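Worth saying up front: this structure is predicted, and the values here are computed from it rather than measured.
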Amino acid sequence: MKTIDELLADGDGVRGKRVFVRADLNVPLSGTTITDDGRIRAVQPTIARLAQAGARVIVASHLGRPKGAPEPAFSLAPAAARLGELLGQKVAFATDTVGESARSVVGALGDGDVAVLENLRFNPGETAKDDAERGAFADRLAALADVYVGDGFGAVHRKHASVYDLPARLPHAAGGLIATEVGVLKKLTEDVSRPYVVVLGGAKVSDKLGVIDHLLEKADRILIGGGMAFTFLKAKGYEVGSSLLQEDQIPVVQDYLRRADERGVEFVLPVDLKVAAEFPDLKAKAPTHPETVPADAMPAGKMGLDNGPETCALYAAKLADAATVFWNGPMGVFEHPDFAEGTRAVAQGLIDSSAFTVVGGGDSAAAVRTLGFDESAFGHISTGGGASLEYLEGKTLPGLAALED
């Protein structure tokens, strides 16, 4: 896989060339206000390096899940403005992706200039299942550029036009972010330092089935939390009240527990929980007066919303001797102060350990920032939760395969 370092080291370099950067600017918005700019900050160094080398940089990304047509709520205009602030230079913005505005904005770029195209998913060709439709959109994107740099790690598990088809139409290289992400993930899959501890949380166990299945062959210890824990607790015969439960996954989970026992993989589940009568109001954040109960004594009609203090201490102890840790998914409803302690304890456990620590993107990365942790205290914070999980499952990621020579 050719990297941006090699691209910039080439004799002719990129000066005067139109370089298409497939970034991941899929940031959370409250109206037009960005609530977490982590993904923009992650790709900014690649864009800055290209601009400083005299490239005419065209940045493209998706945001949200529009239905193949423009939707103002998913405009990339706020992301373009924030990118300009981070770069310290004006960033032009095209109000379409391959239309008149895009052609005009790209045509006006000078050496070292940067432009952002409007949301790629405003065009149905970006996400089309049909190869010809997707390819036709990729052809129109390719007409805007001379070189392709893939640096949107959060999208590399998608077989989309700008991720998979476009690199085949242009000379291409991996950006600094993708090179870093792949290097980190190799540390989790090849010659791993042990003990290797995996912490998995989040809402649904079905979202993590593939990675659990694969990690049963790799990990020494797996800690489970969040909404997905209740399917595991139910599989052990515990009452889970009105907690989130995927009953159809209980046989699969029981098989995982059996296989873990056979292979000597330590599976760790909550021993106590914070519960309430209903899901908290995340906007008002009013006190909920939660109750702490043993994990095997959940009251009927109550729902588990976070790990209890004994579980927080247990999980910290299980992280203390780790040499490698991968964490994906919060332990509870961390957005509410009454149910943030389980997630906070895991984050602190990673910091306190001497392990190489990887926070696997998505809600885990958001939790780290929301709860005020110093990002530099972790070995790596990924920009792509889904992409990280699929890589750890051993899947071929289309966007990475497309960057191979």
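Between Phe93 and Ser75, some side-chain heavy-atom pair lies under the 4.5 Å cut-off. Between Glu247 and Ile250 the shortest side-chain heavy-atom distance falls below 4.5 Å. Leu188 places none of its side-chain heavy atoms less than 4.5 Å from the side chain of Tyr391. Using a 4.5 Å cut-off on side-chain heavy atoms (C-beta onward), Leu257 and Lys236 make contact. Inter-residue side-chain proximity for Asp113 and Arg56 is flagged as unmet; no heavy-atom pair is nearer than 4.5 Å. Here the side chains of Tyr196 and Val265 are not in contact, with every heavy-atom distance at 4.5 Å or above.
A salt bridge is absent between Arg39 and Glu181; no separation between the charged side-chain nitrogens and carboxylate oxygens falls under 4.0 Å. Using a cut-off of 4.0 Å between Lys/Arg side-chain N and Asp/Glu carboxylate O, Lys274 and Glu341 are scored as not salt-bridged. Salt-bridge annotation for Arg259 and Glu217: present, with a side-chain N of the basic residue lying under 4.0 Å from a carboxylate O of the acidic one. Electrostatic pairing of Arg258 and Asp261 does not count as a salt bridge here, judged by no charged N lying under 4.0 Å from a carboxylate O. Here Asp37 does not pair with Arg369 in a salt bridge; the nearest charged N to carboxylate O distance is not below 4.0 Å. Salt bridge annotation for Asp146-Arg18: present, with a cationic side-chain nitrogen under 4.0 angstrom from a carboxylate oxygen.
Of the N and O atoms on the side chains of Thr383 and Asp24, not one donor lies less than 3.5 Å from an acceptor on the other residue. Checking Gln249 against Thr231 by side-chain atom types alone, no donor-acceptor pair falls below 3.5 Å. One side chain, Asp338 or Thr288, offers a donor N or O that lies under 3.5 Å from an acceptor on the other.
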Kindly indicate, with the supporting measurements, whether the criterion side chain to side chain contact (heavy atoms under 4.5 Å, CB included) is fulfilled by Lys187 and His380. CA-CA 11 Å; Lys187 290 185 179 181; His380 179 70; over 6 Å; no

Step by step, would you call Thr357 with Leu319 a side chain to side chain contact (heavy atoms under 4.5 Å, CB included)? CA-CA 10 Å; Thr357 57; Leu319 291 166; over 6 Å; no

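Across Leu76 and Ser61, no two heavy atoms sit closer than the pair CD1-O, 3.4 Å. The two residues Leu216 and Ile222 come nearest to each other via the heavy atoms CD2-CD1, 4.3 Å. Residue Ala295 comes nearest to Pro270 through the heavy atom pair CB-O, 3.2 Å, listed as atom of the first residue, atom of the second, then distance. Gly304 approaches Ser243 most closely through the heavy-atom pair N-OG, 2.8 Å. Closest heavy-atom contact between Ile178 and Gly150: CD1-O, 3.3 Å. Between Ala161 and Phe137, the shortest heavy-atom contact is CB-CD2, 3.7 Å.
Listed by chain and residue number, Phe339 satisfy the ring-ring contact (aromatic ring centres under 6.0 Å, His included) test with His336 (two or more places apart in sequence, or in another chain). By the ring-ring contact (aromatic ring centres under 6.0 Å, His included) test, Phe334 is found to be paired with no residue, residues two or more places apart in sequence or in another chain being considered.
Here OH of Tyr256 is found 12.0 Å from CZ of Arg263. Values are rounded to the nearest 0.5 Å. Remark: Asn328 CG to Leu389 CG distance equals 4.0 Å, nearest 0.5 Å. In this structure, the separation between CG on Asn26 and CG on Leu120 is 11.0 Å, given to the nearest 0.5 Å. One finds the CZ atom of Arg82 at 7.5 Å from the CZ atom of Arg41 (value rounded to the nearest 0.5 Å). Between the CZ atom of Arg158 and the CD atom of Glu126 there is a distance of 11.5 Å, given to the nearest 0.5 Å. Atom CG of Asp131 sits about 5.0 Å away from atom NZ of Lys159, to the nearest 0.5 Å.
Taking the six-membered ring where the residue is Trp, Tyr148 and Phe20 present parallel rings, their angle staying beneath 30° rather than reaching 60°.
With respect to Leu233, the side chain to side chain contact (heavy atoms under 4.5 Å, CB included) criterion is satisfied by exactly one of Leu245, Val253, Val240, Asp296: Val240.
Note on residues 188-211: pairs passing salt bridge (Lys or Arg N to Asp or Glu O under 4.0 Å), not counting sequence neighbours, are Arg194-Asp220.
Sparse packing is recorded around CD of Glu278, with 12 or fewer heavy atoms of other residues, nucleotides or ligands lying under 6.0 Å away. Surrounding NZ of Lys285 are more than 12 heavy atoms belonging to other residues, nucleotides or ligands, all under 6.0 Å away.
For Phe232 and Phe267, the gap between ring centers is short of 6.0 Å.
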